[in-house]
Amino acid sequence: MMSLATVSPTPIDNLVGCRKRNRGLVSDLGFIHDKTKRPKTETDLEIQQDARFSGDEIFRSSGGLRFGYITKDLGLSDDVIGRLRNENTRNLLVKHKKLHLVLDLDHTLLNTTHLDKMSPEEEYLKADHSLQDVHIVEGQVMTKLRPQVRTFLEQASQIYELSIYTNGSRDYALHMAKLLDPANQLFGDRIISRGESTEKNQKGLDVLLARGTAVVILDDKKQVWRNEDQDNVMVMPRYHFFKSSCQKFGISNAKPYSESKTDERDRFGRPFLATVLQVLRHIHNLFFNAVELHGCELIDRDVRPVLERVKKEGLNGCK
């Protein structure tokens with residue numbers, strides 16, 4: 001694999017497309033009931049002006065989608081959704097020079113196991129938290145955050161607006177968000193779980209108030225996304241800390257980090273997320289530099305050709 005430092009400059013013409021204007025843990029346990037309050041954003045205030053709740057006759061007769069992760073039972077018509085996507089993305093690109101970044105949880109930012117599935121060699125973790133960012137949740141599961149994940153999120157938030165999207169339950173998503181962002185500064189109300197998806201067991205950008213042309217997704221599985229959204233996905237190597245996680249994916253050729261009392265590093269000895277942050281900065285720079293060189297308005301740019309080029313470069317495992 002090439003490191004970021006060895007990548008030679010690529011003609012920007014080839015990198016960015018210009019669009020013409022014409023509830024539970026892991027997958028099914030639901031015992032965490034955390035009503036975390038998060039700061040209001042400009043988007044929240046705009047939505048309040050256009051809200052139609054799912055029980056309203058206006059909403060039922062006008063089509064649209066539910067956005068219950070923003071406000072309980074919130075529904076927005078197709079026209080309002082389109083307008084908010086354009087306005088939110090324009091504001092993000094022009095005023096803040098940011099892209100949207102959608103983040104998976106399990107195997108991407110963290111790893112979770114049930115306490116009763118831990119091996120004898122992992123039992124020390126229940127009492128000894130000498131390893132960083134090991135958390136027992138509600139006395140039933142243990143979560144290990146990927147090394148340096150909070151630093152990664154804080155720095156990524158300088159150039160991306162962050163959202164969480166998991167196929168776990170809403171209670172699980174909210175609790176994991178609290179572990180990742182204890183000060184409630186990074187995600188706002190942009191925490192999406194399987195209950196908000198419009199298709200069963202399928203993630204989709206249709207539930208995000210952002211234009212797909214400005215969205216980058218980090219996930220360990222591309223196939224969990226709708227076909228039309230898969231070009232936005234940068235596939236992350238899975239983070240397996242616990243033995244049960246390794247077993248689930250048929251990994252048996254080495255001790256898990258939990259038993260060897262080590263943790264993930266890239267080939268240069270750095271936390272892997274430090275390398276991913278470099279890739280995200282690379283994508284951001286290519287997108288915005290190309291806009292400046294071509295004179296094409298920011299809202300008309302498309303990040304997906306940038307992602308395709310970066311995937312072909314094979315930067316440190318992201319693909």
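Heavy-atom basis, side chains included; hydrogens, waters and symmetry copies ignored.
- Judged by distance alone, with hydrogens and angles left aside, the side-chain atoms of Asn88 form no donor-acceptor pair with the main-chain N or O of Ala210 at under 3.5 Å.
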Exercise for the section: Please test Tyr172 against Asn167 for side chain to side chain donor-acceptor pair (under 3.5 Å), starting from the C-alpha separation and ending with a verdict. Expected result: CA-CA 10 Å; Tyr172 178 69; Asn167 267 339; over 6 Å; no

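- Annotation for Ser157 and Lys98: closest pair O-NZ, 2.8 Å, computed over non-hydrogen atoms.
- A distance of 8.5 Å separates CZ of Arg85 from CG of Leu205, quoted to the nearest 0.5 Å.
- Between Asp104 and Lys203, the closest heavy-atom pair is OD1-NZ, 3.0 Å.
- Residues passing the side-chain hydrogen bond (donor to acceptor under 3.5 Å, both in side chains) test with Lys255, sequence neighbours excluded: Glu121.
- A cation-pi arrangement is found for Lys144 relative to Phe241, the charged atom lying closer than 6.0 Å to the ring centre and inside a 45° cone about the ring normal.
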Exercise for the section: Might you work through the salt bridge (Lys or Arg N to Asp or Glu O under 4.0 Å) test for Glu264 and Arg146, ending with a clear yes or no? Expected result: CA-CA 8 Å; Glu264 178 187 63; Arg146 205 163 194 162; 2.7 Å; yes

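- Without hydrogens or angle criteria, Thr89 side chain to Arg211 main chain gives a donor-acceptor distance under 3.5 Å.
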Problem - side chain to side chain contact (heavy atoms under 4.5 Å, CB included) between Arg190 and Glu161, intermediate numbers included - result: CA-CA 9 Å; Arg190 298 177 303 276; Glu161 181 181 76; 3.5 Å; yes

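- Looking at His284, its side chain does come within 3.5 Å of a backbone N or O of Lys97 through a donor-acceptor pair.
- Heavy atoms only, all atoms of each residue included: Leu109 and Leu103 are closest at CD1-CB, 4.0 Å.
- Between Asp302 atom CG and Glu308 atom CD the span is 11.5 Å, to the nearest 0.5 Å.
- Inter-residue side-chain proximity for Val276 and Leu218 is flagged as met; some heavy-atom pair is nearer than 4.5 Å.
- The line from CZ of Phe242 to OG1 of Thr143 is 7.0 Å long, rounded to the nearest 0.5 Å.
- One hydrophobic cluster, built from ILVMFWY side chains closer than 4.5 Å, holds both Met118 and Ile136.
- Under a 3.5 Å cut-off, the side chain of Arg150 and the backbone N or O of Leu179 do form a donor-acceptor pair.
- Residues Asp206 and Arg226 form a side-chain contact, since some pair of their non-hydrogen atoms from C-beta on lies under 4.5 Å apart.
- Checked against salt bridge (Lys or Arg N to Asp or Glu O under 4.0 Å), Glu154 has no partners two or more places apart in sequence or in another chain.
- For the residue pair Leu298 and Phe287, the shortest heavy atom distance occurs at O-CZ, 4.2 Å.
- Counting heavy atoms from C-beta outward, Met142 and Val134 have side chains that approach closer than 4.5 Å.
- No side-chain donor-acceptor contact under 3.5 Å links Thr275 and Gln278.
- Hydrophobic cluster membership is shared by Val94 and Leu286, with clusters built from Ile, Leu, Val, Met, Phe, Trp and Tyr side chains linked at under 4.5 angstrom.
- The backbone N or O of Gly269 lies less than 3.5 Å from a partner atom in the side chain of Asp266, making a donor-acceptor pair.
- Counting only distance, with no hydrogens or angles, the side chain of Tyr160 and the backbone of Leu280 share a donor-acceptor pair below 3.5 Å.
- No donor-acceptor pair under 3.5 Å is formed between the side chain of Asn111 and the backbone N or O of Asp106.
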Exercise for the section: Please lay out, stage by stage, how Leu115 and Gln140 fare under the test side chain to side chain contact (heavy atoms under 4.5 Å, CB included). Expected result: CA-CA 6 Å; Leu115 295 181; Gln140 298 188 47; 5.5 Å; no

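- Aromatic rings from Tyr257 and His240 are positioned such that their centres are separated by 6.0 Å or more.
- Interatomic distance, CD1 of Ile164 versus CG of Asp181, reported as 8.0 Å (0.5 Å rounding).
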Handout entry: Step-by-step side chain to side chain contact (heavy atoms under 4.5 Å, CB included) determination, His282 to Val310
Key = CA-CA 9 Å; His282 186 47; Val310 171; 4.0 Å; yes

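- Of the options Leu145, Thr151, Val149, a side-chain contact (heavy atoms from CB on, under 4.5 Å) to Leu273 is made by Val149 and by none of the others.
- Side-chain contact, Ser193 with Tyr165: no donor N or O sits under 3.5 Å from an acceptor N or O.
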Practice task
Tell me, with the steps shown, if Asp219 and Val224 meet side chain to side chain contact (heavy atoms under 4.5 Å, CB included).
Solution key: CA-CA 9 Å; Asp219 203 317; Val224 300; 3.9 Å; yes

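- Residues Ser244 and Thr113 share a closest heavy-atom pair of OG-OG1, 2.6 Å.
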Pairs under 3.5 angstrom only: tabulate donor-acceptor contacts from the side chains of residues 230-237 to other protein residues two or more places apart or in another chain.
unit_1: Gln230; atom_1: NE2; unit_2: Trp225; atom_2: O; d: 3.0
unit_1: Asn232; atom_1: ND2; unit_2: Gly212; atom_2: O; d: 2.8
unit_1: Asn232; atom_1: ND2; unit_2: Val215; atom_2: O; d: 2.8

Practice task
Would you check, one step at a time, whether the test salt bridge (Lys or Arg N to Asp or Glu O under 4.0 Å) holds for Glu87 with Arg90?
Solution key: CA-CA 5 Å; Glu87 290 177 358; Arg90 182 185 295 278; over 6 Å; no

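- For the residue pair Gln155 / Arg281, a side-chain donor-acceptor distance below 3.5 Å is found, with atom types taken as modelled.
- Residues Val303 and Leu99 meet the side-chain proximity criterion, which asks for heavy atoms closer than 4.5 Å.
- Counting heavy atoms of neighbouring residues, nucleotides and ligands inside a 6.0 Å radius, atom NZ of Lys221 exceeds 12 of them.
- Annotation: side chain of Ser163 is not in contact with side chain of Ile191 (no heavy-atom distance under 4.5 Å).
- Note: Ser119 OG to Glu122 CD = 3.5 Å, rounded to the nearest 0.5 Å.
- Side chain of Thr166 to backbone of Gly168: a donor-acceptor contact under 3.5 angstrom is found.
- Hydrophobic clustering (side-chain heavy atoms under 4.5 Å, transitive across Ile, Leu, Val, Met, Phe, Trp, Tyr) keeps Leu92 apart from Val207.
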Problem - Trace of the side chain to side chain donor-acceptor pair (under 3.5 Å) decision for Tyr239 with Ser245 - result: CA-CA 9 Å; Tyr239 178 51; Ser245 178; over 6 Å; no

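- When all heavy atoms are compared, the tightest approach of Pro147 to Arg265 is CB-NH1, 3.9 Å.
- Between the side chain of Arg238 and the backbone N or O of Phe249, no donor-acceptor pair lies under 3.5 Å.
- Distance check, rounded to the nearest 0.5 Å: OG1 of Thr108 to CD1 of Ile217 gives 11.5 Å.
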